[in-house]
*Asks:* 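Quick one: the structure is below, and I'll ask about it shortly.
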Amino acid sequence: MTERTHSLNIGDFEVTTFNDGGFVLPSAYFSQVPEDVDLGDEVEIGANFWVVRGQNRVILVDTGSAQALQARFPQTGQAWEPLQGETPTDIVLTHMHADHLGGFLDSDVFPEVTIHIAEAEWAFWTNPDLPNAVDEDTRPMVQMIQSVAAGIKDRVVLFQPKQSLISGISLVPLPGHTPGHSGVQIESGNETLLIIGDAVISEAVQFAHPEVTYALDGDAAQAVVTRRALLAEAAASGTTIAATHFAFPGLGKVAAEGETFRFLPL
């Protein structure tokens, strides 16, 4: 039976990872792949999101995709039903792609929650001119995001880079994948966990080759800069990282190996 949740303590915080399934993607989604690296025809990636408990708060980091992508990726959205047993006080969206806010396709879900989104992220996706500025293939995604945004806007609180959510939890800018893409850093006692969202998509590919980019990176060059910097910092500091698309539970340390890196799963 597939494991659906995994919990660990970061000081006084309890962090539970939810296994939302995963994606099987064409390897062509990855670019700048060295010639001597063979990804095969497909690359499998995970799908995780988190509930953080502490200081009388229950903070959901992303909602997963729920039913938003099941027509194309039927193995996604598997944690949505188990999540209904939770009563979050806050939801942080690392960014506004469908596999991170898909739960809000039902705008009535979690009606009392405060939703935290980076100001740069919200401004980009809610720009009324955006649907006409993107290509036809991208337009349905933008329209879906804007429809979701309209349904949740009254609960949204915008945050600035490096802003504190509560004592011990801060919101870290990790731009590139999207304009306001953000991580969530949890610090308590002598322990630190950095939830990096989509700053690294594949631990199997982008640790050894951080220059490899991903089809949905809005600014691929900035995504590479961000990825190299965060991996170098995590390796130097010993910070534990958690990522959306690593194999469940997606938690580990980073080891530096010259200009490249190695993932050390917990």
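In what follows, every heavy atom counts, from backbone to side chain, and hydrogens, waters and symmetry copies are set aside. Numbers for residues simply follow the sequence, beginning at 1.
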*Asks:* Can you tell whether the side chains of Arg4 and Glu81 come within less than 4.0 Å, N to carboxylate O?
*Replies:*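 Looking at Glu81 together with Arg4, the answer is no, because their closest N to O distance does not fall below 4.0 Å.
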
*Asks:* So do Ile117 and Trp125 actually touch side chain to side chain, heavy atoms under 4.5 Å?
*Replies:* no

*Asks:* Mind listing the closest non-hydrogen atom pair of Phe13 and Val52 along with its distance?
*Replies:* CD2-CG1, 4.0 Å

*Asks:* The test is side chain to side chain contact (heavy atoms under 4.5 Å, CB included); show your working for Gln75 and Val24 and say whether it passes.
*Replies:* CA-CA 9 Å; Gln75 64 274 54; Val24 178; 3.6 Å; yes

*Asks:* Using the side chain to side chain contact (heavy atoms under 4.5 Å, CB included) rule, take Gln32 and His209 through it: C-alpha gap first, then chi angles, then the decisive distance, then the call.
*Replies:* CA-CA 9 Å; Gln32 309 303 319; His209 304 285; over 6 Å; no

*Asks:* Does Asn19 use its side chain to pair, donor to acceptor, with the backbone of Gly21 at less than 3.5 Å?
*Replies:*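 Confirmed, Asn19 side chain pairs with Gly21 backbone.
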
*Asks:* Give, for atom CG of Leu171 and atom OG of Ser182, the distance between the pair rounded to the nearest 0.5 Å.
*Replies:*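 One finds 6.5 Å between CG of Leu171 and OG of Ser182.
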
*Asks:* Does the side chain of Asp198 come under 3.5 Å of the side chain of His181 through a donor N or O and an acceptor N or O?
*Replies:*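 No, because no side-chain N or O of Asp198 sits under 3.5 Å from a partner of the opposite role on His181.
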
*Asks:* Quick check: closest heavy atoms across Ile241 and Ile196, and the distance to 0.1 Å?
*Replies:* CD1-CD1, 4.1 Å

*Asks:* For the backbone of Ser7 and the side chain of Glu14, can you confirm whether one donor and one acceptor N or O come within less than 3.5 Å of each other?
*Replies:*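 Pair absent, no side-chain N/O of Glu14 close to backbone of Ser7.
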
*Asks:* Can you confirm whether more than 12 heavy atoms, excluding those of Asn132, are under 6.0 Å from its CG atom?
*Replies:* yes

*Asks:* Looking only at heavy atoms, which two atoms of Thr87 and Val58 are closest? And how far apart?
*Replies:*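 Heavy-atom minimum between the residues: O-CB, 3.9 Å.
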
*Asks:* Go through the steps for His116 and Ile91 under the test side chain to side chain contact (heavy atoms under 4.5 Å, CB included), then give the verdict.
*Replies:* CA-CA 6 Å; His116 305 267; Ile91 297 177; over 6 Å; no

*Asks:* Checking Tyr29 against Val43 for the side chain to side chain contact (heavy atoms under 4.5 Å, CB included) test, could you report, in this order, the C-alpha distance in whole Å, the side-chain angles of both residues, the deciding distance, and whether it holds?
*Replies:* CA-CA 9 Å; Tyr29 274 39; Val43 175; over 6 Å; no

*Asks:* Would you say that more than 12 heavy atoms from the other residues, nucleotides or ligands in this model lie under 6.0 Å from the CD of Glu259, or not?
*Replies:* no

*Asks:* Is Glu233 reaching over with its side chain to a backbone N or O of Ala229, donor-acceptor style, under 3.5 angstrom?
*Replies:* no

*Asks:* Does Glu119 use its side chain to pair, donor to acceptor, with the backbone of Leu158 at less than 3.5 Å?
*Replies:* no

*Asks:* Is it true that the side chains of Thr178 and Glu121 contain a donor and an acceptor less than 3.5 Å apart?
*Replies:*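 Judged by distance alone, the side chains do pair up.
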
*Asks:* Can you measure from CD1 (Ile10) to CD1 (Ile186) and round to the nearest 0.5 angstrom?
*Replies:*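 So the gap between those two atoms works out to 7.0 Å.
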
*Asks:* Side chains of His6 and Asn48: any donor to acceptor distance under 3.5 Å?
*Replies:* no

*Asks:* Quick check: does any side chain N or O of Gln70 sit under 3.5 Å from a backbone N or O of Thr76, one acting as donor and the other as acceptor?
*Replies:*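 The answer is yes, because a donor-acceptor pair under 3.5 Å joins these two groups.
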
*Asks:* Where is the tightest heavy-atom contact between Phe207 and Arg262, given as atom of each residue plus distance?
*Replies:* CD2-C, 3.6 Å

*Asks:* If you compare all heavy atoms of Ala66 against all heavy atoms of Asp20, which two are closest, and at what distance to 0.1 Å?
*Replies:*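 Distance-wise, the nearest heavy atoms are N-OD2, 4.4 Å.
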
*Asks:* What are the two closest non-hydrogen atoms of Phe246 and Ile201, and how far apart are they?
*Replies:*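 So the two residues come closest at CD1-O, 4.2 Å.
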
*Asks:* Tell me every residue that passes side chain to side chain contact (heavy atoms under 4.5 Å, CB included) with Asp106, counting only those two or more places apart in sequence or in another chain.
*Replies:* Asp108, Val109

